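Below, read A as the first sequence line, B as the second, and so on, with proteins coming before strands; counting in each chain starts at 1. Just so it is clear, the model here is predicted, and its values are computed rather than measured.
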Amino acid sequence: MAQPLVKKDDDRDDEAEYSPFLGIEKGAVLQEARVFNDPQLDPRRCSQVITKLLYLLNQGETFTKIEATEVFFAVTKLFQSRDIGLRRMVYLMIKELSPSADEVIIVTSSLMKDMTSKTDMYRANAIRVLCRITDGTLLTQIERYLKQAIVDKNPVVASAALVSGIHLLQTTPEIVKRWSNEVQEAVQSRAALVQFHALALLHQIRQNDRLAVSKLVTSLTRGTVRSPLAQCLLIRYTTQVIREAATTQTGDRPFYDFLESCLRHKAEMVIFEAARAITELNGVTNRELTPAITVLQLFLSSSKPVLRFAAVRTLNKVAMTHPMAVTNCNIDMESLISDQNRSIATLAITTLLKTGNESSVDRLMKQITNFMSDIADEFKIVVVEAIRSLCLKFPLKYRSLMNFLSNILREEGGFEYKKAIVDSIVILIRDIPDAKENGLLHLCEFIEDCEFTYLSTQILHFLGTEGPKTSDPSKYIRYIYNRVHLENATVRAAAVSTLAKFGAMVDALKPRVFVLLRRCLYDGDDEVRDRATLYLNTVGSDGEVIETDKDVKDFLFGSLDIPLANIETSLKNYEPAEQPFDINSVPKEVKTQPLAEKKAPGKMPAGLGAPPSGPPSTVDAYEKLLSSIPEFSDFGKLFKSAAPVELTEAETEYAVNVVKHIFDKHVVFQYNCTNTIPEQLLENVTVIVDASEAEEFAELASKPLRSLPYDSPGQTFVAFEKPEGVPAVGKFSNMLRFIVKEVDPTTGDVEDDGVEDEYQLEDLEVVAADYVMKVGVSNFRNAWESIGPDFERVDEYGLGPRESLAEAVSAVISLLGMQPCEGTEVVANNSRSHTCLLSGVFIGNVKVLVRLQFGIDGPKEVAMKLAVRSEDDNVSDMIHEIVASG
Amino acid sequence: DCCPSVKNILLLDSEGKRVAVKYFSDEWPTNNSKLAFEKALFAKTLRTNARMEAEIVMFQDNIVVYKFVQDLHFFVTGGDHENELLLAAVLQGFFDAVTLLLRNNVDKREALENLDLIFLCLDEIVDQGIILETDPSVIAGKVAIHSMDGAAPLAEQTISQALATAREHLTRTLLT
């Protein structure tokens, strides 16, 4: 560091890369910090050294513990100087070093002196520093000063104390709560920012007291709030009160007038906050929305990008639930399609796609076509998804929308973008029968020149399923066979499978397909040859025009109703020396995935082909455990194991939970017991089950646990017999019985004599949902059609008053214990109706599909229409019984 | 908690390197995660025109408002549900305060030469995520007053002179 910090104008032109910190080096700066110890302090020099230290820390340099301690002690010496500028840098430095508790003591007295100084700047900064580094014990010593500071006439001092209070409330709430009188006084301050900070702190102190918050809001909405920031806070608190307030049957929403009046505030920040708050009100009406939409519409033509963005983002959200309310903004929205800021343009487009009507589709598509060429892939994906939903909304418009999709499919783009387009076309083909042939040809043309193996194989598979069902399947053969010539081995193998599918499904094509398949026998890749051989030998009949056997079709092309993850585990466990692998031994239960980890910022979305890595299969573990117990070995195949249910309160002497295992003719209760008393050893542990309220169950066997030492869990089992295939339900009361022996926890010695004792456990129920297994289907609509209406049962139910639609939906899902399909378990905010699709397998291996239609009827009254399809009319009835009795 | 909060304030140069940054959120726990965020954000915003009006982008589930001048890039980040205009007010406060403190010569070299003022400025705008002040003249005033001790020795005249100019400029903006 040859150059001092003072600027030198004449250097400027010579050195383009001049920086006062060029070549700065930690060791040298730490050496320089010795000037802090000089008896004659040079404030300017000291300030420069602190700036260098701060610069190093800011660039990501770290100090070792020793270095930090040394710097800290040296910096504390600088309190001797009376130079205000230097003191300010000292404060910054102490905050950056975040000293340890014993170091804090060194500076406490200096900071406390500054806290009571006459200079406002000293008081304000000393408070912030001290509160930042202090712990609870010191706080009681300075509490008196802090309370004074909150009502200090200097606003900077008051704000410093209030903001410190907000931070301290997280660690030492009991102390900060004692300041509420002073904070309340500060809320009345004439200084804008003091009022803002005081309001924030007061609300946090009282946030658990609804009544107090409501009073606070009531008084402030009538009074004057000075700063826009404080006004924004007040709007947030008001919406919170509105949310929690009981809605009156008729009458107006409380505080709506206040929110509406904020739409006329002079600060844009406040206007926007209020407009957004109104749009997010629960069950907002069109009349309430109108004034908010009007101000947001004005913002759309603002010269400030931030304002346009905020408005269009909010309107975009409104369009999801109240598309009609936003249509007035369509003209302003359309001019935003050419906005310089591409986020704004994309939000405008997707809003228009949501609010557009059938007649505006064609014009809109024209505008979007020009727009697509100059935005990034991530925005294009959003647009493609919006177009997909538009097409589903206006199926008659499929032609222009499908053309749009096929055009952009031919243009440049990355994998995620192309995948979004292909997915959209596939969904349109599935849902709009008229679009099928056209869409399939677009996909065929795409794979003629597709650089993504994953997409090619997916499309080939899809062609194999849908192509044979079209009026002229032969026209697709050329595209498929081209792949066998031109692509890599993975795509070639997929093409072979697709060809074979055409051969098996379309008898007339079989001879020609066989000719093509025979050519594949000379392929350079093993997998391609193997597939060709397999198909030639199984699809059979030497390529004559004869229908392929149904069993063969099912074997080759039938859908696999077993979760792939389960097959994977079963195959890994399979030892080749034993019997042949039996696909029927693979459990069908869908394993619940652990909640996805909190999304790490910047992490790429998981690749689409990558299977989610599940936890080790508990189904497998249970099955292994149960089959190892001779008493249960002839119960047959385990149908389902429920999640553990706690039978004891938390932190009791013995912790017991139970897992219900359901077999065709039996039920086994597995009691997982933990002994939490170090002074005890339990022996001969059993559970005495009283099944008097479970008439259809007869106790068959019980397997006691020989010994249950401290903190080492063990299991005891009880098995019941029940009528075959019947979903018997009942209630069971449980008593833990055991012999308890004293243990000396220090030596581990056990006394010989034990005492018999009992311990009451909570009751346990077997419910109908225990007989339903969560098994998903990939395409609900197809599954629903293929199961047919033979055993369909439809009925309507009133669910009574419910907290929300979402709550009602999740209650029914958990009552039935079935797997939600296609994400239909998620209910859109504020929606008044919802359709939920469920699938599962009933005991006896009967497939069941359920379509639930919910609607809100009157204030919070939820009504539901339940349609069940299954392979057995008894099962369809039973599903209705579950709902009727639940 | 519904108190508005700022997740970070960044001042980068025209190559995306740090001039001064301050993080208030534990969303970026390590220096590497911070650098990665800065790099990606810089690349994402580089081609946009944020020289006249403040610009805005949705970035990694956060809202970022930003403004460029000369070879300096100013950023303020908040959560995705934060009021965009409130974040813009923080950005404007930071940007204008720096302009005042650097006497309208806002570029990287000037910022580095007065880095102490920039650090103090950041310290006066946001305290651990909570907005302290958004009025640029108040922010700059607090920073400038702190450095203006009447008892400054003669050797420091250059700095005092510089600050006098700053104060003069400040009054001018206050009057206009």
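Interface residue E280(A): only side-chain heavy atoms are found under 4.5 Å from chain B. Contact annotation for R313(A): only side-chain heavy atoms (C-beta onward) come within less than 4.5 Å of a heavy atom of chain B. Using a 4.5 Å cut-off between heavy atoms, A200(A) contacts chain B through its side chain alone, with no backbone atom that close. Neither the backbone nor the side chain of K67(B) comes within contact range of chain A, judged by heavy atoms closer than 4.5 Å. Residue L54(A) touches chain B through both its backbone and its side chain, counting heavy-atom pairs closer than 4.5 Å. There is no contact between L199(A) and chain B, counting heavy-atom distances below 4.5 Å. Neither the backbone nor the side chain of A40(B) comes within contact range of chain A; no heavy atom of the residue lies under 4.5 Å from a heavy atom of that chain. Residue contact with chain B, scored on non-hydrogen atoms closer than 4.5 Å, is absent for V270(A).
Note on N83(B), V21(B), N31(B): by heavy-atom pairs under 4.5 Å with chain A, the leading option is N83(B). When each of I63(B), V65(B), T30(B), L87(B) is scored by its heavy-atom pairs under 4.5 Å with chain A, the top score falls to I63(B). Counting heavy-atom pairs closer than 4.5 Å to chain B, the top residue among H167(A), K95(A), Q59(A) is H167(A). When the candidates A36(B), A50(B), A54(B), A89(B) are compared by the number of heavy-atom contacts under 4.5 Å with chain A, A54(B) comes out ahead.
Residues F309(A) and V57(B) form no side-chain contact, since every pair of their non-hydrogen atoms from C-beta on lies 4.5 Å or further apart. P4(B) is listed as a side-chain neighbour of R236(A), based on a closest heavy-atom distance under 4.5 Å. You'll find the side chain of L92(A) reaches within 4.5 Å of the side chain of L120(B), heavy atoms only. Annotation: side chain of C3(B) is in contact with side chain of Q204(A) (closest heavy-atom distance under 4.5 Å). Side-chain atoms of Y55(A) and L112(B), non-hydrogen and from C-beta on, do get closer than 4.5 Å to each other.
Of the inter-residue distances, the one linking S343(A) atom OG with E55(B) atom CD reads 8.5 Å to the nearest 0.5 angstrom. The CD1 atom of I56(B) sits 7.5 Å away from the CD1 atom of I344(A) when rounded to the nearest 0.5 Å. Atom OG of S303(A) sits about 10.0 Å away from atom CE of M52(B), to the nearest 0.5 Å. Atom CG of D127(B) is separated from atom NE2 of H197(A) by 8.5 Å, given to the nearest 0.5 angstrom. Separating the CD atom in E82(B) from the SG atom in C232(A) is a distance of 9.0 Å, to the nearest 0.5 Å. Distance CD1/I131(B) to CZ/F196(A): 5.0 Å, rounded to 0.5 Å.
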Run the side-chain contact (heavy atoms from CB on, under 4.5 Å) check on Y91(A) and D123(B) step by step: do they pass?
CA-CA 10 Å; Y91(A) 293 140; D123(B) 187 58; over 6 Å; no
Assess whether side-chain contact (heavy atoms from CB on, under 4.5 Å) is satisfied between F21(A) and L115(B), documenting all intermediate values.
CA-CA 10 Å; F21(A) 302 102; L115(B) 198 62; 3.6 Å; yes
When you look at R128(A) and L132(B), which way does the side-chain contact (heavy atoms from CB on, under 4.5 Å) test go after all the steps?
CA-CA 11 Å; R128(A) 284 175 62 198; L132(B) 270 183; 3.4 Å; yes
Does the side-chain contact (heavy atoms from CB on, under 4.5 Å) test come out yes or no for D116(B) and M89(A), once each step is laid out?
CA-CA 8 Å; D116(B) 50 345; M89(A) 297 308 283; 3.6 Å; yes
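For the residue pair A20(B) and N58(A), the shortest heavy atom distance occurs at CA-OD1, 3.2 Å. Shown here for H81(B) and R276(A), the closest heavy-atom pair between the two residues is O-NH1, 2.8 Å. Annotation for G60(A) and R18(B): closest pair N-NH1, 3.6 Å, computed over non-hydrogen atoms. Closest heavy-atom contact between L85(B) and E268(A): CD1-O, 3.3 Å.
Checked for salt-bridge contact, E84(B) and K304(A) miss the test: no charged N lies under 4.0 Å from a carboxylate O.
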